[in-house]
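For clarity, every value in this text was computed on a predicted model and none was experimentally measured. Naming convention: chains lettered A, B, ... in sequence-line order (proteins, then strands); numbering from 1 in each chain.
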Number of protein chains: 2
Amino acid sequence: GSIANIEKMSPDRVPLCLDLLPALSGEDTTKDFFQELVNILLSYVCKSFRRSSKVLDFHHPHQLREGLEGFSLELPDQPENLEQLLVDCRDTLKYGVKTGHPRFFNQLSSGLDVIGLAGEWLTSTANTNMFTYEVSPVFILMEEVLLRKMQEIVGWSEEEGDGVFCPGGTMSNLYSVLLARYHFFPEVKTKGMTALPRLILFTSAHSHYSVKKSAAVLGIGSENVVVVKCNDRGKMIPAELESSIITAKDQGCVPFYVNATAGTTVYGAFDPLNAIADICESHGLWLHVDAAWGGGLLMSNLHRVKLQGIERAWSVTWNPHKMMGAPLQCSAILVKKRGLLKDCNQMCAEYLFQTDKHYDTSYDTGDKTIQCGRHVDVFKLWLMWKAKGSEGFGSQVNKCLENAEHLFDKLNQRPDFELVFKSKPEHSNVCFWYIPPSLRNMPPGPERNRRLHEVMLHLGSLMLVIY
Amino acid sequence: GSIANIEKMSPDRVPLCLDLLPALSGEDTTKDFFQELVNILLSYVCKSFRRSSKVLDFHHPHQLREGLEGFSLELPDQPENLEQLLVDCRDTLKYGVKTGHPRFFNQLSSGLDVIGLAGEWLTSTANTNMFTYEVSPVFILMEEVLLRKMQEIVGWSEEEGDGVFCPGGTMSNLYSVLLARYHFFPEVKTKGMTALPRLILFTSAHSHYSVKKSAAVLGIGSENVVVVKCNDRGKMIPAELESSIITAKDQGCVPFYVNATAGTTVYGAFDPLNAIADICESHGLWLHVDAAWGGGLLMSNLHRVKLQGIERAWSVTWNPHKMMGAPLQCSAILVKKRGLLKDCNQMCAEYLFQTDKHYDTSYDTGDKTIQCGRHVDVFKLWLMWKAKGSEGFGSQVNKCLENAEHLFDKLNQRPDFELVFKSKPEHSNVCFWYIPPSLRNMPPGPERNRRLHEVMLHLGSLMLVIY
Ligand SMILES: Cc1ncc(COP(=O)(O)O)c(C=O)c1O
Ligand SMILES: Cc1ncc(COP(=O)(O)O)c(C=O)c1O
């Protein structure tokens, strides 16, 4: 078996983790242990890419908790030996979801970029933190280079642009609301919301729930998020936005922020950014573009036109862990106005952010964030960029959207599927219903919808979307 | 060199990342590439553990940006080949900080737990997300098992306790304030802070700055954080807390939350939890214990007495990535009252958290969090726990504190160092000054302090603390 070396290496006793580095004699045991681990991991990766393997061997929570075939989740008082740990690793993968499988369609991320994976392995080996230049010199600079590149691609000039990588697009969206509030009402940082009028923000009915969540967390309140109507393709209707803004003002509230979505979660719709930017400009509102999902299209000369106007945003969320295929997680918040992130978030903790260090402490970017310790999310993306080049990302996006069109065309020709939209997809979302023979001749209406919904349940998933 | 296989394998042309999986013929190239990478990573790890190597080969930001010895950070348009990527990986490690080095003392985390590292490699290979059971069955259950165990160790009964792993202790502390506010004023979620009276929270002068940061982010305002005086060992003075609470009430404000620190960042001080809990009880305030740093001591039968009273907390922050040595990042917020996390944070997004799935959807824990996608931070800790057992963590903590005492005793005997405290350390923080010959006979006072401070600057670091 794949733990043969470990077995071979110590015929007389079973090695424990105490035998690994930094024990004096640990070097060989460590290398053997990792060799076995890598065998397990790589054979998992290779297997995941085969269509013939299962995406998931499903078990209910209680089944897994009870310990399937000796796979126990319980935490022991006494150490397990290295052999058993390798078995645990294999079992963990065995009962998990193969997200790199060609038939894994459950989320906005799929596939496994092996260069990105290599990047993650290095990141965890380096095991450092993004707070200061002195503890992360290389990664801090890579973050700067990546952010600068992404800002350039968004279309901002060299004089503008700032940003930070954060733990997911929801956090990136939260930053945008936080920054907008601080921009208009800097006293909020010290005095809190009680010093402020009733603030209102706007987002479309098809936008991601993180905008509402952010409003709840930040003390603005989810009811102060006005949900703007969309057209039947899931795009925000600019006239509706404008009238909502006017209504809010009439009620004595203070509109300050609009979220436009470039690539909605379910339909893959792009809000009309220029029209929305015009409205924001005339009312003096912060325009955020949530391009968590659609940002990747900026890499393609063919498709970036769908995000026309994004350069007018005051902030942009862009998740390389979605359309660009970076391993989870990798999300950036880009901010047009330089210095705002720092002013908004810094607390100047003396034990960490001393200003009399011997190097340029503007690279101690940790105080820009709402975290303290911060995971290194940039290296994998940097390495992927080296491996593909900007053009490689572009072709990848093009290919993915060609596939979506292909799927659309195929489904269009079949009686057993019904497309939700009659026109070609703009992103890689292709929305459809499966129509079983018994429903093919049923007239449209609520009863048919109810039964279609039931069919979906039987198919084991309510995800109506294939990416 | 270590990229020999890659070179060997394709004598006629240089392989690109397109030659890796999922390319049809990619399996062998992928394995060779990873084999070379693993050689690089493991020889880095082994080298890091040697005292004779440098902790850091320091270069200024502009030097690294200009490209040292051909190491370019710039993002290309065209792909680089696999050989070059491996060189990039080596360079990245070369110019970084060896956080696993025995002489790396810069942060509250140090060393490199190789089992934790193995756990991270597996985590990134599985590349999944913590939002629902269906996409992370094993990791969701491991989170449950770990949280349950940690709650038991804190001392909560079987009927109480909930929690979630989040991206760092600062986020965990933010959760605690968010939950406390929601507990007392559930309308805040929908109506925002403008519906509320002026809220006040309390934390000690030596507490971590994340409490203030959270107040700023949540819209409470940093000025509404009352900083309670500490004694000369950095412990909160309960009488000062009580009088601050009374003053705030007299001013018409509403106290609602107290943060007590179990293991302060700089001194390693433990606030008197029972005395603080008494005051919180009598005033009906939420007690949070920030045991980000000190939580590890709960694993030791010798030292857990320093956190006596922690079981009376309403919430606890505990970072296994600090004292327990888990790779970054790994932090838990534990909450006594079950259901509160969900009530406070859920938005019930239909596309993700359908309630009519075919399994027990209480395991779809994603809606408890303020994130959407969430990195898997639990597996490394779970695997470490298997490898050491609870007792192994206990011995590790004991050993670390013995080392601190040893350092304290040594410094105590030397004329060239001055200890900040005359009594033994409670945690592994040992605070001291280096006294150069020219200052040894100077009387105490501001001038001497100023010059000692300058000495520290010349030593290249202002960190006054060795862990
Ligand atoms: C006492 C204390 N609380 C909280 C934190 C924040 O933890 P993190 O860096 O994981 O955000 C720290 C970090 O040093 C700390 O020392
Ligand atoms: C449009 C959009 N914005 C934001 C997010 C949140 O991203 P994350 O899961 O990284 O928090 C998503 C996630 O699906 C999304 O589709």
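For the set B/Glu223, B/Gln346, B/Lys98, B/Gln329, the entry with the most heavy-atom pairs within less than 4.5 Å of chain A is B/Glu223. Heavy-atom pairs under 4.5 Å with chain A were tallied for B/Thr194, B/Leu85, B/Ile140; the largest tally goes to B/Leu85. Of the listed residues (B/Tyr133, B/Tyr182, B/Tyr363, B/Phe58), the one with the most heavy-atom contacts under 4.5 Å to chain A is B/Tyr133. Ranking B/Ser43, B/Ser48, B/Ser72 against chain A, the residue ahead of the rest is B/Ser72, based on heavy-atom pairs under 4.5 Å. Residue with the most contacts toward chain A among B/His60, B/Glu120, B/Arg198: B/His60 (heavy-atom pairs, distance under 4.5 Å). With chain A as the partner, the residue from B/Met171, B/Arg374, B/Lys380 showing the most heavy-atom pairs under 4.5 Å is B/Met171.
In this structure, the portions of A/Leu146 lying under 4.5 Å from any heavy atom of chain B include both its backbone and its side chain. Of the atoms belonging to B/Arg148, not a single heavy atom falls under 4.5 Å from chain A. Within the 4.5 angstrom heavy-atom criterion, atoms from both the backbone and the side chain of A/Leu75 approach chain B. Contact annotation for A/Leu383: both backbone and side-chain heavy atoms come within less than 4.5 Å of a heavy atom of chain B. Proximity to chain A is absent for every atom of B/Ser210, based on heavy atoms less than 4.5 angstrom apart. Proximity to chain A is limited to the backbone of B/Pro197, based on heavy atoms less than 4.5 angstrom apart. Heavy-atom distances place both the backbone and the side chain of A/Ile370 under 4.5 Å from chain B. Both the backbone and the side chain of B/Ser390 come within contact range of chain A, judged by heavy atoms closer than 4.5 Å. Neither the backbone nor the side chain of B/Leu18 comes within contact range of chain A; no heavy atom of the residue lies under 4.5 Å from a heavy atom of that chain. Both the backbone and the side chain of B/Tyr95 have a heavy atom closer than 4.5 Å to some heavy atom of chain A. Residue contact with chain A, scored on non-hydrogen atoms closer than 4.5 Å, involves the backbone and the side chain of B/Tyr359 alike. B/Phe104 touches chain A through its side chain: at least one heavy atom from C-beta onward sits under 4.5 Å away, while N, CA, C and O do not. Only the side chain of B/Val38 comes within contact range of chain A, with at least one heavy atom under 4.5 Å from a heavy atom of that chain. Both the backbone and the side chain of B/Leu41 come within less than 4.5 Å of a heavy atom of chain A. The contact between A/Lys149 and chain B is made entirely by side chain atoms (from C-beta outward), counting heavy-atom distances below 4.5 Å.
B/Glu187 has no carboxylate O lying under 4.0 Å from a charged side-chain N of B/Arg181, or vice versa, which leaves the two without a salt bridge. Taking the charged nitrogens against the carboxylate oxygens, A/Glu74 and B/Lys386 have no contact shorter than 4.0 Å, which rules out a salt bridge.
Rounding to the nearest 0.5 Å places CZ of A/Phe34 at 12.0 Å from CD1 of A/Ile40. Between the CD atom of A/Glu27 and the CG atom of A/Leu20 there is a distance of 12.0 Å, given to the nearest 0.5 Å. Note that CG of A/Leu174 and CD of B/Gln371 are 10.5 Å apart. Values are rounded to the nearest 0.5 Å. Rounding to the nearest 0.5 Å places CG of A/Leu108 at 8.0 Å from NE2 of A/His208.
In terms of modelled atom types and a separation under 3.5 Å, the side chain of B/Lys388 and the main chain of A/Cys17 share no donor-acceptor contact.
Not a single side chain to side chain donor-acceptor pair (under 3.5 Å) links B/Asp91 to another residue, sequence neighbours left out. Taking the ring-ring contact (aromatic ring centres under 6.0 Å, His included) definition, one finds that A/His321 meets it with nothing, sequence neighbours left out.
Within a 6.0 Å sphere centred on NZ of A/Lys189, other residues, nucleotides and ligands contribute more than 12 heavy atoms.
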